[in-house]
Structures are given as C-alpha cells and as structure tokens.
Amino acid sequence: QCTAAPSQTYDYIVIGSGAGGLVIADKLSESGASVLLLEKGPLSSGKWNGTMKASWLQNTNLTRFDVPGLFNQIWVDSAGVACDDTGVMAGCVLGGGVAVNSALYWKPHSSDWDVNFPTGWKSTDMQKHVDNVFQRIPSNYIPSKDGKLYLQQGFDRVTKGLDTAGFKYVVANDAPNEKNRTYAHATFYIQNGERHGPLRSYLETAMARPKFNLWVNTGARRVVRTGGHITGVELECKNNAGRSGTVNVTPGTGRVIVSAGTMGSAKLLFRSGIGPTDQLNVVKSSPIDGSTMISQDQWINLPVGNNLNDHVGTDIQISHPDIVFYDFYGAWGSPIKADTDAYLQKRSGILAQVAPNLGPIFWTAHNGSDGITRHIQWQARIEGRTKTAMTITQYLGMGTTSRGRADITPQLNMRVATNPYLRTTQDKEAVIAGLDYVRSALNNVQGLTWITPTSSQTTTAFVNSIPATPASRGSNHWTGTCTIGSDDGRTGGKAVVDLDTKVYGTDNLFVVDASIFPGMTTGNPSGAIFAVAERAAERILALKAPAPKLIRGATRDM
Ligand SMILES: Cc1cc2nc3c(=O)[nH]c(=O)nc-3n(C[C@H](O)[C@H](O)[C@H](O)COP(=O)(O)OP(=O)(O)OC[C@H]3O[C@@H](n4cnc5c(N)ncnc54)[C@H](O)[C@@H]3O)c2cc1C
C-alpha cells in the first residue's frame, strides 16, 4: 500500500542507496543531521529483511544477494531486481549495484585520482578516505570461512603462463599501485562467507541513529525548486509499497544529494529541468512529465549525459583439460546437497566463492602514441563454450580517451545514445597491444587451446570483429554523465558539479555517485565510489548553507 509522505522535513535527502548513496547518507547522518535515504527498489539483503531467495535458503536469514555462489542469478532472473528504465544492466534494489554485483573490490591506483580527478580530489587528498573505506569494508581474497580456495585449476594454469612471462604475484590491496605485469586472486567485499560492503557497514551505523530514515520502494520523480534553490523532492510510490507526495528539506538549510547512479542521476536532473536543452525538450514533450515540468525560464543548461564511460570489455576464451567447471546456475534450483550443507552450516565451500569462480585477475599497462598510459585489468572466470573453458575479459580502463553520451527517451527511459567504446585510435591500439601481449604469455601454458581468438586469427581482425556496443563490450561499470570539475558546464565547460559536488547553478543540490567520475578507474569501480562519497561528505559538511536572502530569489543564477 502506498502511503503519503509525512510533513516532517530533513536536513539531507539522499536519492538512491547504491555505492555512493549508502556511504554518503551514513557520513552525513554521523554529523548529527537528520537524513532521509530514498530507494526506489525493494529490500535486498536478508540483513534488511529482503525476501528474494532460492528454496534452499528458506528458513535462513539469507537472500540471493547474500550468497556469493548465487551472484550470477542477476543474469538469469533480473525481474524486480534490475532497473527497468536504464537500457543497460543496473541494480534497482536496496544497495543498487553493490547488492547485485560480483563484489570485486580494489584499492584505487593513484592514477585513478591523479589523471582523472580535479584539484582537491588527487591521490593525496583521497588517501585518508580510501583508508577509512577499507577499514570499514575490509577486502578478502579467501571468501570461504574454512580458509580454503576451491577449484583453482584455472587459476593455476593461467598463472603458470603469467609466471613464465615475468608477471609477479601480489596481494592486490596491499600494493594498489602495482598494476603492470602483476596478478592476484580475485578480491572481494565478502566477510564470513556473505556479501558485506556498505549494506553491512555504513548502512548498519546509519540505521542505528534515531535521525536516520530509509524509505524503500520510493522513487524520486524530480526535485522541487525555485530557481537554483531546492525545497524538496517529488516522490513516486513503487511496487505499491512506498511513499507518495512531496518530502521537503529543512527550510533554508536543507540539501538534496542525488546518488541514483550514472543513468539514474542524469535522468533525475533531466526531469528536474537540468541538462542540455535537447534533453529537457524531450522531457517537456513527454506524456508523463510534460504538463508538470518546471517552466523553461527556470531550466539550467548543463552537459548532463555527456562524458559517459565504461570499461571497454573484450572477451577471450581458452580451454585446458585440467579446468573444472562448477554449475553455479544449477545451485539455484538443483544444488549439490554437500555444497549447500557446507555453506549453510559453516559458510564454507564453493558456494562461498563468487560465481562463476573468478580469477586470476591480472594487470598490464600500455603507453599510447598520444603519450597517455592506459591500464588494463584482465579478469578470468571458469565459464565458456565448453566445460573446460575459461573466459578472460580484458577491461581497458584508466587512461581511455573515448567518451559517449546517455540520453532520455520520450517514455523517460535512459539509454546509451553514443557508445563510449574505442572511439579513438589510441584506445584501440591499447586493446590490441594488450591482447598481443597476453596471447604470447598464455602460449607458455602447456596443453592450452585457444577458442577465441583462434590461434590463426590476427588480434586486429579479432578486435574488429566485435561490435563496439554495450551488448558486446559492456562491463556494467558506467561512469560520467554528471562530471565533476571547475569548468562550469553552463559556460562551455564539461562539468555538471563543482569541486564540492554541487550542481552548478543551484544552492543546495549535489550529485555523489559514479556519474561524477571524469574518467575510468583501473579496476572495478566500487571501492573508488565509496571513497568519493566519503570525500564528498567531508566537503559538503564543510560548506556553509546559502545565505537566507539568496534563498528567496526566484530566478537567481550563480
Ligand atoms: C551486474 C553487475 C556487476 C558488477 N560487478 C562489479 C564488481 O564486482 N565490482 C565493482 O566494483 N563494481 C561492479 N559493478 C559496478 C558497480 O556495482 C557500480 O559501479 C556501482 O554500484 C555504481 O554505484 P552508484 O552509486 O553510482 O549507483 P548504483 O549502485 O547503481 O545505485 C543507484 C541507486 O539509486 C536507485 N535509484 C535510481 N533512480 C532513483 C530514483 N529516481 N529514486 C530513488 N532511487 C533511485 C537505484 O535503485 C540504485 O539503488 C557491477 C555492476 C553490475 C550491474
């Protein structure tokens, strides 16, 4: 049943409970402020009374989101879990991406800050936040509680080739800057055999505070604003179980933080009359929002949706007779009893390991003809065309120069309008150089057979044969659309938010999530997003509230 929002006001309203939202909501509430966290999706983890489970989890406090061996279920049955308005995969449940992802977790390389981020967000500024994040969310490369790693034949065979080629084994989060010719075990936020992360750390401390509130099944339709001053958030009740109406911030001093993800945050800004005119015109013409949209004289013209980015994914496949496949998909409906027993009784065994048996993870770096160093993360998993196959995804990340664009459709769905993959010669060169290098390294492995590319195919022909589309290259690591920077997007710059993460042209609207990243991270991005949210909280809390005389101005522009 939908219920009307109460008239109570909040110092901070945070929209979206993903990697960015959970962390910033907790940090803001730690200051003693009242915080309302809005999540449009339903509950997920058993810790928070989620209910979606495999039958063997009935009578336990676990859901599909908690058990590492079931993390692949998102690719089998995503109804009611994946966002239905984004066109690309994203989690729309409590926790967002960090409830549905593979929980791979890396301390960022210093270049992830120093190359990508503006002043005030460099590695020296970020260190204490990264440390804090990793203290609250420890990383772990042996997820099973009995201290064992299971079915490691793939890891062992591939790393033989890497060893011969001169790669070095590292404990990845002890050596975050060693990202060239190094390899590691897959490293996760899993503790006690269950998904950990911000749902089991930041959200726990936040929920223990009396002035913290969480409303699930409650979407934000748009912010309510007069000029650049936001007074509240208009709500959309979801799943017939959330809140409706409008919820307001504390008059004069309240703030709204948008943490709805790369697609969701851009969409919310568009619906709030903030973005490029072509996109705002789409909203204006839409049957859903058109008649009630904020009037055109209040629009704020910013490059929302631009600078879209993702890791460029390129899959190669090998096989080796020693590799042993485990049917994690079968673990949902027809699991092996010994494995569920080991998991349920001791949080041990193969089901404590993330499906589909990830690792090794390895790294290479490539100097481009444009003088830019590009980082590649290679991610192996036991899955492929045969039972002895392994897929290794090459993720081209930090240093890429290609960018795309996200836009909004008349039905108010977000989509990738311009693909961000391999638009520059040097990005493509890095993909090819990396593949050539790893092909020769893996040729050192006795008994290894190439499935794709075939041993006779040239790397260039192979790379050219894969379309540069999200379906073929997508990595689900979307960033960009609301870029941070000092170059104000209203006057020709690229930035949507300033160095305090405040949306240009507003008094009290902020964006804190993957969408503000100017460039791609070296590894899977969640660790960096948590750190960004910690940093943003510090900067937002240090900001003075706007002076009252400015608040009353209806059409001020700043
Ligand atoms: C299948 C998959 C696997 C992945 N694997 C990994 C991995 O192993 N390691 C890693 O580091 N990264 C991984 N990622 C990426 C990572 O999860 C994301 O980069 C990260 O979660 C993005 O954080 P965010 O805060 O920007 O947005 P999200 O985590 O997407 O959170 C946004 C939240 O906002 C909510 N929301 C959206 N619109 C509204 C609205 N209008 N009102 C209210 N709520 C709203 C959404 O429901 C969602 O909960 C994976 C992603 C996917 C989809």
Side-chain angles (χ1 to χ4, degrees), residues 13-25 36-42 44 68 71-75 78 81-86 88-106 108 137 139 186-190 195 197-199 215-223 233-238 242-243 256-272 309-311 354 358 361 377 379 381 395 412 414 474-482 511-517 520-530 532-533:
I13 299 176
V14 178
I15 300 170
S17 71
L22 286 173
V23 174
I24 194 152
L36 171 64
L37 176 59
L38 298 176
E39 169 52 53
K40 73 173 176 177
S44 53
F71 288 180
N72 254 0
Q73 194 60 18
I74 185 79
W75 300 113
S78 63
V81 176
C83 306
D84 56 9
D85 63 342
T86 51
V88 291
M89 176 57 88
C92 271
V93 289
L94 179 64
V98 291
V100 304
N101 69 17
S102 307
L104 282 159
Y105 181 42
W106 312 106
I137 307 175
S139 65
T187 304
F188 306 99
Y189 38 81
I190 290 174
R195 182 190 295 276
L199 282 168
W215 296 352
V216 292
N217 296 304
T218 305
R221 180 184 188 190
R222 57 189 165 209
V223 296
V233 177
E234 215 176 302
L235 304 174
E236 288 177 322
C237 173
K238 302 277 181 183
R243 310 284 177 125
V256 174
I257 319 286
V258 185
S259 301
T262 290
M263 296 292 168
S265 290
K267 174 173 170 175
L268 193 95
L269 294 188
F270 291 154
R271 296 182 83 182
S272 305
N309 210 349
D310 186 15
H311 277 113
V354 172
L358 301 164
I361 312 292
Q377 176 168 298
Q379 203 162 295
R381 59 183 197 269
Y395 288 128
L412 303 185
M414 292 299 295
S475 305
N476 309 303
H477 297 163
W478 298 101
T479 61
T481 72
C482 302
V511 182
V512 179
D513 59 20
S515 72
I516 70 171
F517 278 54
M520 210 56 219
T521 48
T522 300
N524 316 63
S526 60
I529 302 169
F530 305 153
V532 157

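Remember, it's 1-based here, ligands and their atoms both numbered in the order they're listed.
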Practice task
Mark the output for W478 as yes if a heavy-atom distance to ligand 1 is under 4.0 Å, and as no if none is.
Solution key: no
Exercise for the section: Report yes if some N/O of A90 lies less than 3.5 Å from some N/O of ligand 1; otherwise report no. Expected result: no
Fill in the blank from the handout: Here the pair of heavy atoms bringing V100 nearest to G91 is CG2-CA, 4.0 Å
Exercise for the section: Please could you name the atoms of ligand 1 that S526 approaches to less than 4.0 Å, counting only its heavy atoms? Expected result: 10 (C), 11 (O)
Exercise for the section: Write out the residue and atom name of the closest protein heavy atom to atom 35 (C) of ligand 1, then the distance separating them to 0.1 Å. Expected result: E39 OE1, 3.4 Å
Exercise for the section: Measure across D310 and S475 and return the closest heavy-atom pair with its distance rounded to 0.1 Å. Expected result: OD2-N, 2.9 Å
Fill in the blank from the handout: Atoms of ligand 1 under 4.0 Å from any heavy atom of G20, numbered from 1 in the order shown, are 25 (O)
Exercise for the section: Considering only non-hydrogen protein atoms, determine which one is nearest to atom 24 (P) of ligand 1 and report residue, atom name and distance to 0.1 Å. Expected result: D513 CB, 3.9 Å
Exercise for the section: For residues 89-102, pull every pair meeting side-chain hydrogen bond (donor to acceptor under 3.5 Å, both in side chains), keeping only residues two or more places apart or in separate chains. Expected result: N101-Y189, N101-R195
Practice task
Please determine if V100 has a nitrogen or oxygen closer than 3.5 Å to a nitrogen or oxygen of ligand 1.
Solution key: no
Exercise for the section: Answer yes or no: is there a donor N or O on one side and an acceptor on the other, between the side chain of T218 and the main chain of R243, under 3.5 Å? Expected result: yes
Quiz: residues 257-264 side-chain donor-acceptor pairs under 3.5 angstrom, not counting sequence neighbours:
from	atom 1	to	atom 2	distance (Å)
S259	OG	V512	O	2.8
T262	OG1	W478	O	2.8

Exercise for the section: Verify, without hydrogens or angle tests, whether N309 (side chain) and T479 (backbone) share a donor-acceptor contact under 3.5 angstrom. Expected result: no
Handout entry: S44 side-chain N/O to L94 backbone N/O, donor-acceptor pair under 3.5 Å
Key = yes
Practice task
Determine the minimum heavy-atom distance between A220 and E236, stating which atoms define it.
Solution key: O-OE1, 4.3 Å
Practice task
Please state which part of A103 comes within less than 4.0 Å of ligand 1, counting heavy atoms only: side chain, backbone, both or neither.
Solution key: backbone
Exercise for the section: Look at the rings of Y395 and H311 and say which category their plane angle falls in: under 30° parallel, 30 to 60° tilted, over 60° perpendicular. Expected result: tilted
Exercise for the section: Over all heavy atoms of both residues, which pair between G18 and V98 is shortest? Give the atoms and the distance, please. Expected result: C-CG2, 4.2 Å
Exercise for the section: Identify, by atom number and element, the atoms of ligand 1 in contact range of C92, meaning under 4.0 Å from any of its heavy atoms. Expected result: 46 (C), 47 (O)
Handout entry: Nearest neighbour of atom 15 (C) of ligand 1 from the list V233, N101, T479, N476, on a heavy-atom basis
Key = N476
Practice task
Tell me, please: is V512 in heavy-atom contact with ligand 1, that is, under 4.0 Å?
Solution key: no
Exercise for the section: Looking only at distances, please establish whether an N/O atom of ligand 1 is found under 3.5 Å from an N/O atom of K40. Expected result: yes
Handout entry: Check: Q379 and N524 side chains under 4.5 Å, non-hydrogen atoms
Key = yes
Exercise for the section: Considering only non-hydrogen protein atoms, determine which one is nearest to atom 42 (N) of ligand 1 and report residue, atom name and distance to 0.1 Å. Expected result: A220 N, 2.8 Å
Exercise for the section: Within a distance under 4.0 Å of any heavy atom of S259, pick out the atoms of ligand 1 and give their elements. Expected result: 32 (C), 33 (C), 34 (O)
Handout entry: Test of proximity, L104 against ligand 1: N or O pairs below 3.5 Å
Key = yes
Handout entry: Side chain K267, main chain L412, donor-acceptor under 3.5 Å
Key = yes
Practice task
For the pair D85 and K40, find out whether any cationic side-chain nitrogen is under 4.0 Å from an anionic carboxylate oxygen.
Solution key: yes
Problem - Numbering as shown, the atoms of ligand 1 that approach A514 to under 4.0 Å (heavy-atom distance) - result: 26 (O)
Handout entry: L22 heavy atom under 4.0 Å from ligand 1
Key = no
Handout entry: Pick from G264, A533, P525, G16: the one approaching atom 12 (N) of ligand 1 most closely through a non-hydrogen atom
Key = P525
Handout entry: Per-atom contacts of ligand 1 with I529, taking only distances under 4.0 Å to non-hydrogen atoms
Key = 19 (O), 20 (C), 22 (C), 23 (O)
Practice task
Side-chain contact test, heavy atoms from C-beta onward, threshold under 4.5 Å: evaluate it for T521 versus W106 and give yes or no.
Solution key: no
Practice task
Using distance alone, decide if ligand 1 has a nitrogen or oxygen within less than 3.5 Å of any nitrogen or oxygen in G219.
Solution key: no
Handout entry: Numbered atoms of ligand 1 (with element) below 4.0 Å of T218, judged on heavy atoms
Key = 43 (C)
Practice task
Indicate yes or no for a side-chain donor-acceptor contact from S272 to the backbone of V223 under 3.5 Å, with no hydrogens or angles considered.
Solution key: yes
Completion exercise
Of all protein heavy atoms, the one nearest atom 27 (O) of ligand 1 is G261 CA, 3.4 Å
Practice task
From the options A260, G18, G97, G523, select the one whose nearest heavy atom is closest to atom 30 (O) of ligand 1.
Solution key: G97
Practice task
Give the residue, atom name and distance (to 0.1 Å) of the protein heavy atom nearest atom 23 (O) of ligand 1.
Solution key: A19 CB, 3.3 Å
Practice task
Answer side chain, backbone, both or neither: which part of L94 comes under 4.0 Å from ligand 1, heavy atoms only.
Solution key: neither
Fill in the blank from the handout: The atoms of ligand 1 lying under 4.0 Å from a heavy atom of W75, numbered in the order shown, are 1 (C)
Problem - Distance, nearest 0.5 Å, that separates OG of S17 from CG of L22 - result: 5.0 Å
Fill in the blank from the handout: min-distance protein heavy atom vs atom 10 (C) of ligand 1 -> N524 CB, 3.3 Å
